[in-house]
Amino acid sequence: MKGKIKATWNILWLVLLMVILFSYAMFQGGFVSWFLFYSFLPLFLYQLLLSFYPFKKWEITREIPRSVVQAGDEIYVTIHMKRNSVFPLFYCSIKEQLPDSLMIRDVKKEKYRSFSNPERLQGNRTLNRIVFPLFRKKISFTYAIQQVPRGEHQLQAVTLRTGDIFGLIKKQVTIPVENKLVVFPYIHDLKIKDRITSYDQGAVASTVVNQSNTNIATGVREYAPGDRVSWIDWKQTARKQEVMTKEFEQEKSTEMLVVLDACNRTQLNRLAYEASIEISSSILMEFQKKDHQANFLSIGKESHFFSAQYGRSNHSPVNRYFIYAQPSGTQPFSIRLREELKRNRKSEIIFIIVTHLDDFLMQVLLEGKLGRKYLAVIFIQAESLITEEEHRIIQQMKLANIHVQLLSDQHLLESPIEVNFR
């Protein structure tokens, strides 16, 4: 409303100025007075037409070649503007309405240099671009959004501004243009040291290149192309007068479970939580490369369970979860973990990723370790933010034969990150 009143006042001021010049020319007469009137007349007509120019009829489209990227990547966005008339415009200012979710900068591993002070990554992203349309009907320009954070980001509108060269007439319009950016978490390069597989337990067969274990022979068979020389059974070969190779028991993987602490709390370090998301996704990716079948469980206000059968494509449910995951709930993680471990008795190997340790959580872990082959904890926190109590709990868990690995800012800056599950 205030803008309309100001625009109306500017038009009235132009009309009044034109009336004054015309009156001056009529009463004064002479070359100078009429020269002023006719010199100002084209400008007056232009400004009058500009005030009624249909700015809202512009067609705006936004083109994003890569709308699915990884956190920390750079996204190029092209704005296309189209209008029907060739009415001359001296300038046009374009402002992109960026959402609040893009006000955080993700610089991949380098963000962990600010582990103890995540507020440093907060920023104010703005995009203002000035173009000079003049008589052109189509205008395009490209800009880049750098260091995009994880999540789904909605680009909703573009604001256009224009005016005359004197600044008397100003027009502004916001045109809805909706686009979606999908940003997956950053995947770390991991070096996992593990001894996870077994021979008698589990129902999922290993599908690595060497599917047969070379320690436990169960029989012999005829030689097949691709068999190793070390597999040849020379005694059976000599007896049967043809090459025979040993047949081994097929190696099977024990059912594994990766658990993520997604509970919210007052002193939660958001950068530590972001690291836990990235490490969870990276571990599942690494397990898939090694053909280990691992389920995933996120515990927050609600529990989200994802079976290994879903796979790890971009469209899999677990990958979609990693895009939107945020800490939630008010109940302590240790209480929720105890409930989930009681429900899930099948998982014999469990990896728990946490950003906080306390005595009750240690007690729950000791209870959960009973009857299981292996239980490990990955504790993610900035070195300077780890309390004396947490250091004490780490030592006590190690004495209780619970493997605990600390991933601090120094570890997260390494490439590859070594994760030891032995």
Side-chain angles (χ1 to χ4, degrees), residues 69-73 101 103-123 147-151 183-193 258-287 294 296-300 304 306 312 318-319 321-329 333 337 350-358 361 376-387 390-391 393-394 403-421:
V69 296
Q70 193 179 97
D73 287 350
S101 58
M103 297 304 156
I104 300 174
R105 298 183 181 273
D106 191 313
V107 287
K108 298 185 178 181
K109 281 181 174 290
E110 291 300 311
K111 64 176 173 285
Y112 297 114
R113 298 189 186 277
S114 304
F115 209 161
S116 58
N117 188 13
E119 289 75 18
R120 293 180 184 176
L121 300 174
Q122 293 283 346
Q147 301 166 355
V148 291
R150 175 185 64 89
V183 183
F184 289 92
Y186 176 71
I187 301 298
H188 292 266
D189 183 16
L190 301 183
K191 183 180 180 181
I192 296 182
K193 296 182 179 180
V258 177
V259 182
L260 172 66
D261 175 8
C263 293
N264 197 8
R265 63 177 187 276
T266 306
Q267 297 181 345
L268 177 66
N269 185 338
R270 294 304 295 258
L271 198 52
Y273 176 77
E274 199 64 32
S276 69
I277 290 287
E278 295 177 355
I279 293 299
S280 299
S281 182
S282 301
I283 286 176
L284 292 176
M285 186 75 72
E286 195 67 22
F287 281 169
F296 176 72
L297 174 65
S298 174
I299 301 176
H304 300 273
F306 301 94
R312 290 285 294 160
V318 63
N319 268 350
Y321 170 79
F322 283 134
I323 297 172
Y324 307 102
Q326 294 297 333
S328 61
F333 170 71
L337 178 63
I350 299 179
F351 308 99
I352 302 175
I353 302 173
V354 299
T355 59
H356 172 72
L357 294 174
D358 55 47
L361 176 60
V377 176
I378 299 177
F379 176 45
I380 301 175
Q381 189 55 270
E383 187 71 38
S384 60
L385 298 180
I386 300 176
T387 63
E390 288 174 330
H391 280 296
I393 293 171
I394 290 174
H403 179 79
V404 183
Q405 178 166 2
L406 170 63
L407 291 183
S408 65
D409 36 7
Q410 297 178 357
H411 298 96
L412 293 170
L413 287 168
E414 295 176 356
S415 184
I417 298 173
E418 186 174 303
V419 180
N420 191 346
F421 290 142

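- For the pair I279 and F351, the minimum side-chain heavy-atom distance is 4.5 Å or more.
- Side-chain atoms of V69 and F184, non-hydrogen and from C-beta on, never get closer than 4.5 Å to each other.
- Between the side chain of R150 and the backbone N or O of I323 there is at least one donor-acceptor pair closer than 3.5 Å.
- In terms of the ring-ring contact (aromatic ring centres under 6.0 Å, His included) criterion, residue partners of F296 (sequence neighbours excluded) are, by chain and number, F322.
- When atom types are taken as modelled, the side chain of D261 and the backbone of H356 share no donor-acceptor pair closer than 3.5 angstrom.
- Residue-environment remark: CD (Q326) exceeds the threshold of 12 foreign heavy atoms within 6.0 Å.
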- Message: Before you tell me yes or no, could you show the steps for D106 and K111 under salt bridge (charged side-chain N to carboxylate O under 4.0 Å, His left out), namely the whole-Å CA-CA distance, both residues' side-chain angles and the distance that decides it to 0.1 Å?
- Response: CA-CA 6 Å; D106 191 313; K111 64 176 173 285; 3.1 Å; yes
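- What you find for A275 and L412 is that their closest heavy atoms are CB-CD1, 3.9 Å.
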- Message: Go through it in stages, so that I can follow the logic: the residues are R270 and E274, the test is side-chain contact (heavy atoms from CB on, under 4.5 Å), and I'd like the CA-CA distance, side-chain angles, deciding distance and then a yes or no.
- Response: CA-CA 6 Å; R270 294 304 295 258; E274 199 64 32; over 6 Å; no
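- For the pair L260/I299, no side-chain contact is recorded, criterion being any heavy-atom separation below 4.5 Å from C-beta on.
- For the atom pair CG of L297 and NE2 of H304, the computed distance is 9.5 Å after rounding to the nearest 0.5 Å.
- Of all heavy-atom pairs spanning L271 and F115, the tightest one is CD2-CA, 3.6 Å.
- Under a 3.5 Å cut-off, the side chain of Q405 and the backbone N or O of E418 do form a donor-acceptor pair.
- Without hydrogens or angle criteria, S281 side chain to I277 main chain gives no donor-acceptor distance under 3.5 Å.
- Across every non-hydrogen atom of I104 and Q122, the tightest pair is CG1-NE2, 3.7 Å.
- Side-chain contact between V354 and I378: absent, with no pair of heavy atoms (C-beta onward) separated by less than 4.5 Å.
- One distance of note links CD of E278 with CG of L190; it measures 10.5 Å at 0.5 Å rounding.
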- Message: Working note: I393 + L361, criterion side-chain contact (heavy atoms from CB on, under 4.5 Å); need CA distance, chi angles, decisive distance, verdict.
- Response: CA-CA 10 Å; I393 293 171; L361 176 60; over 6 Å; no
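- A pairwise comparison of heavy atoms in P149 and A71 identifies C-CB, 4.4 Å as the closest pair.
- What you find for C263 and G300 is that their closest heavy atoms are SG-CA, 3.9 Å.
- Using a 4.5 Å cut-off on side-chain heavy atoms (C-beta onward), L407 and I417 make contact.
- At least one side-chain heavy atom of N269 sits under 4.5 Å from a side-chain heavy atom of Q381.
- Rounded to the nearest 0.5 angstrom, D409 CG and S384 OG are separated by 6.5 Å.
- Checking side-chain atoms of S282 against main-chain N and O of H188 turns up a donor-acceptor pair under 3.5 Å.
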- Would you please test F379 and I386 for side-chain contact (heavy atoms from CB on, under 4.5 Å) and show each step? CA-CA 10 Å; F379 176 45; I386 300 176; 4.1 Å; yes
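- For the atom pair CG (L284) and CD1 (I187), the distance works out to 9.0 Å, reported to the nearest 0.5 Å.
- With sequence neighbours excluded, the residues forming a salt bridge (Lys or Arg N to Asp or Glu O under 4.0 Å) with D73 are R66, K108, listed by chain and number.
- Nearest heavy atoms, F287 versus V258: CE1-CG2, 4.2 Å.
- Proximity of a side-chain donor or acceptor of E390 to a complementary backbone N or O of T387 within less than 3.5 Å is detected.
- The distance from the CG atom of L385 to the OG1 atom of T355 is 11.0 Å, given to the nearest 0.5 Å.
- Note: I380 CD1 to S280 OG = 6.5 Å, rounded to the nearest 0.5 Å.
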- Item | S415/K109 under side-chain contact (heavy atoms from CB on, under 4.5 Å): CA gap, chis, key distance, verdict | CA-CA 9 Å; S415 184; K109 281 181 174 290; 3.9 Å; yes
